[in-house]
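For ligands, and for the atoms within them, numbers begin at 1 and follow the listed sequence.
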Amino acid sequence: MADLPGAEGDISPDEFRRRAGDLVDWIARYLESNRSHPVLSRSLPGDLLRALPDDGPEGPEPWENVVGDVDRLLLPGLTHWNHPRFFAYFAITGSAPGILGALLEKALNVNGMLWRTSPAATELEQRVLAWLARWVGLPPTTFGVLTDTASISTLCAIAAAREAALGAEGRARGLAASGKRLRLYRSDESHSSVEKAALLLGIGQDGVRVIGCDAAYRLDVDELRDAIAEDRRDGWTPFCISATAGSTSTTSVDPLAAIADVAESEHLWLHVDAAYAGSAAIVPELRTLLTGWERADSIVLNPHKWLFTPVGCSVLYTRRPEVLKEAFQLVPEYLRSDVGATDPTEPPASVGHLRESAAAAAPAESPSDHAQDGPIDYMDYGIQLGRPFRSLRLWFVFRAFGRAGLETRIRSHVRMAAELAAKIDAHSDFERLAPTPFSLVCFRYRPGVGDNSGDGTQLTRTDEDRWATLNERLLSELNASGEVFLSHTRLRGRFALRFAIGNLRTTDADVAHAWELIQSKAASLGAPTTSGVVSRS
Ligand code: PLP
């Protein structure tokens, strides 16, 4: 320590207090005033790279310079996800309680890989996930585990599905040696993370069968049944259906109860991707839209989407934790919890001795028994070993708002979306392109649509291209304004604007302002010409 500046080797506690106070003030000001920033960054590629020095600092730099650079260099390069008029993708919130939870999480810096590496981290995770399960209408005994993203939760879920299909043989000898050609079913509206999981798990794109959707973008169950039957005849081994509750493009909900019937009769693992809409089940009248999800083998729900929790927080629920554990448990000597235990869970010496002899007889790293009879070691239920104390964020958010507070906020987002949808429906120059069950509105500008033919019109490919060009232009102009940020999708070849409401600080006035802006920008575009180029009116 002698050559370190200061006894702590770190900044001093007093200096920490000063800087933390500064930073918290900065954050409070940011949250109050971030409407003043353009929502979508106007940065050009390389702007920040050019502004930052090639080499890092050799010695300490003054704190004031660092925070000054946050304003000067970083803010212009940010797209403000915490902005109340961020309506793109799925709008989210780093709420104040969630931010404080994240701060404490980083300060404590515990790693909850094993129960004993921080018992409170494991048990808080168990408890808050049981609260959430109860609030969304799932049995509170449902096993839950936190990951960083829905992509990882889904990867773990499909790994468990594969484990259920292949068993110990698959684990020992791998998928290729099993000789099975596994097939997973998803709809053409499911999120790309499902297929990505299949790629990573050796299922391959050929092993993913894409099922069509009905007019409301919900998986077609008859087609699913037929596909499974056909695949069995052709020598495939169907193993998993991945259904969606709240699809990314439109928030459609697949017919979960009917899909659960198929999964049960075919003995397939049912995974439900409720990354976005799972949170809506806190609202009783919305929960009914998800009926059937309680029969899934696994469910993903992202608090960082619609539960006001900073990014990096996804829940994987499963009714079959023993299978998830079979898929992931691998305990090397240096991670054994039963050695060097100083806690009340320490096994008697005789048991420890038996385990050691078993370990000596078994391969170096093998799964141990799957029954969960003691404290949970969460490292056994996923890919990562190191695990941040994510549940703190949820605990802070849940205790700050309460269940009823979450319900009220989610319901108000759904109401705002319904009101916007009604305005779009009433406007003769706009058309809605999908139902609005939650807080996302999909629509496009199509001047004159309400005057004559309405939705029934069969447009030619050229017409569609023209409307797409017009709406792309509208989207660019809206986003360039800095006042709002919307994103897009394509629905049956039609270019659609997506207006997603999900930020805590979004008000009716924000939505009204955005709708005014959409109308005025659209009017200024003029009508599309036959070449697809717009002519100013
Ligand atoms: N599933 C759905 C339905 C989504 O909409 C998304 C992202 O928007 C994901 C999964 C992936 O989420 P994540 O970014 O947490 O991996």
Side-chain angles (χ1 to χ4, degrees), residues 79 81 86-94 98 136 144-159 184 186-201 208 210-211 213 216-219 240-254 256 259 270-281 286 289-290 293 296 298-317 382-384 388 390 393-394 410 413 417 434 436-442 485-491 496 498-503:
T79 290
W81 285 73
F86 182 108
F87 299 121
Y89 311 113
F90 281 123
I92 57 172
T93 318
V136 298
V145 53
L146 286 170
T147 74
D148 58 351
T149 54
S151 302
I152 296 297
S153 296
T154 290
L155 176 63
C156 295
I158 296 176
L184 173 146
R186 68 168 186 90
S187 87
D188 54 16
E189 288 292 323
S190 70
H191 191 263
S192 53
S193 53
V194 175
E195 189 152 325
K196 212 180 248 192
L199 295 181
L200 287 169
L201 291 165
V208 176
V210 181
I211 307 296
C213 283
Y217 305 99
R218 296 170 304 201
L219 183 143
C240 179
I241 304 170
S242 182
T244 311
S247 63
T248 312
S249 277
T250 72
T251 72
S252 58
V253 180
D254 288 337
L256 300 173
I259 295 173
L270 175 58
H271 176 59
V272 172
D273 177 356
Y276 158 75
S279 304
L286 298 176
L289 298 177
L290 275 67
W293 76 324
S298 54
I299 293 175
V300 52
L301 181 164
N302 269 11
H304 76 210
K305 283 208 185 334
W306 209 2
L307 279 182
F308 320 122
T309 306
V311 166
C313 192
S314 171
V315 185
L316 173 61
Y317 282 120
I383 301 160
Q384 65 192 105
R390 289 196 180 90
R393 290 182 235 165
L394 286 176
I410 291 173
H413 290 161
T436 303
F438 301 107
S439 70
L440 170 75
V441 188
C442 293
F485 179 29
L486 274 68
S487 60
H488 81 283
T489 189
R490 266 190 196 269
L491 300 172
R498 291 174 74 265
F499 191 119
I501 301 173
N503 188 275

For this session: Could you tell me if the ring centre of F90 sits under 6.0 Å from that of W306?
Result: no

For this session: Check whether any heavy atom of Y276 sits under 4.0 Å from an atom of ligand 1.
Result: no

For this session: May I ask whether S247 has any heavy atom positioned less than 4.0 angstrom from an atom of ligand 1?
Result: no

For this session: Establish, from distance only, whether the side-chain atoms of S439 and Y276 form a donor-acceptor pair under 3.5 Å.
Result: yes

Exercise. Which ligand 1 atoms does S193 reach within 4.0 Å, using its non-hydrogen atoms?
Worked result: 10 (C)

For this session: For the pair D254 (side chain) and L219 (backbone), establish whether a donor and an acceptor sit closer than 3.5 Å, ignoring hydrogens and angles.
Result: yes

For this session: Measure T154 to ligand 1 on non-hydrogen atoms and call it side chain, backbone, both or neither using the 4.0 Å cut-off.
Result: neither

Exercise. Considering only protein heavy atoms, which is closest to atom 8 (O) of ligand 1, and at what distance to one decimal place?
Worked result: K305 NZ, 3.1 Å

Problem set entry | Residue, atom name and distance, where the atom is the protein heavy atom closest to atom 5 (O) of ligand 1 | T248 OG1, 2.8 Å

For this session: Please determine, by modelled atom types, if T309 and H304 share a side-chain donor-acceptor pair under 3.5 angstrom.
Result: no

Exercise. Do any nitrogen or oxygen atoms of S151 come within less than 3.5 Å of a nitrogen or oxygen of ligand 1?
Worked result: yes

Exercise. Just checking, is any N or O donor in the side chain of T154 or H271 under 3.5 Å from an acceptor N or O on the other one?
Worked result: yes

For this session: Look only at interatomic distance and state if H304 has a nitrogen or oxygen under 3.5 Å from any nitrogen or oxygen of ligand 1.
Result: yes

Seminar exercise, completed: Here the pair of heavy atoms bringing P303 nearest to S314 is CD-CA, 3.8 Å

Exercise. Which residue owns the protein heavy atom closest to atom 11 (C) of ligand 1, what's the atom, and how far is it?
Worked result: H191 CE1, 3.3 Å

For this session: Please determine if D273 has a nitrogen or oxygen closer than 3.5 Å to a nitrogen or oxygen of ligand 1.
Result: yes

Exercise. Is there a heavy atom in G246 that sits closer than 4.0 Å to ligand 1?
Worked result: yes

Exercise. Among side-chain atoms of S190 and S187, is any donor-acceptor pair under 3.5 angstrom?
Worked result: no

Problem set entry | OG-CG distance between S193 and D273, expressed to the nearest 0.5 angstrom | 5.5 Å

Exercise. Does A150 reach ligand 1 with a nitrogen or oxygen that is under 3.5 Å from one of the ligand's nitrogen or oxygen atoms?
Worked result: yes

Exercise. When rounded to the nearest 0.5 angstrom, what is the spacing between SG in C313 and CZ in F308?
Worked result: 13.5 Å

For this session: Below 4.0 angstrom from a heavy atom of A275, which ligand 1 atoms are there? Numbered from 1 as shown, please.
Result: 1 (N), 2 (C), 10 (C)

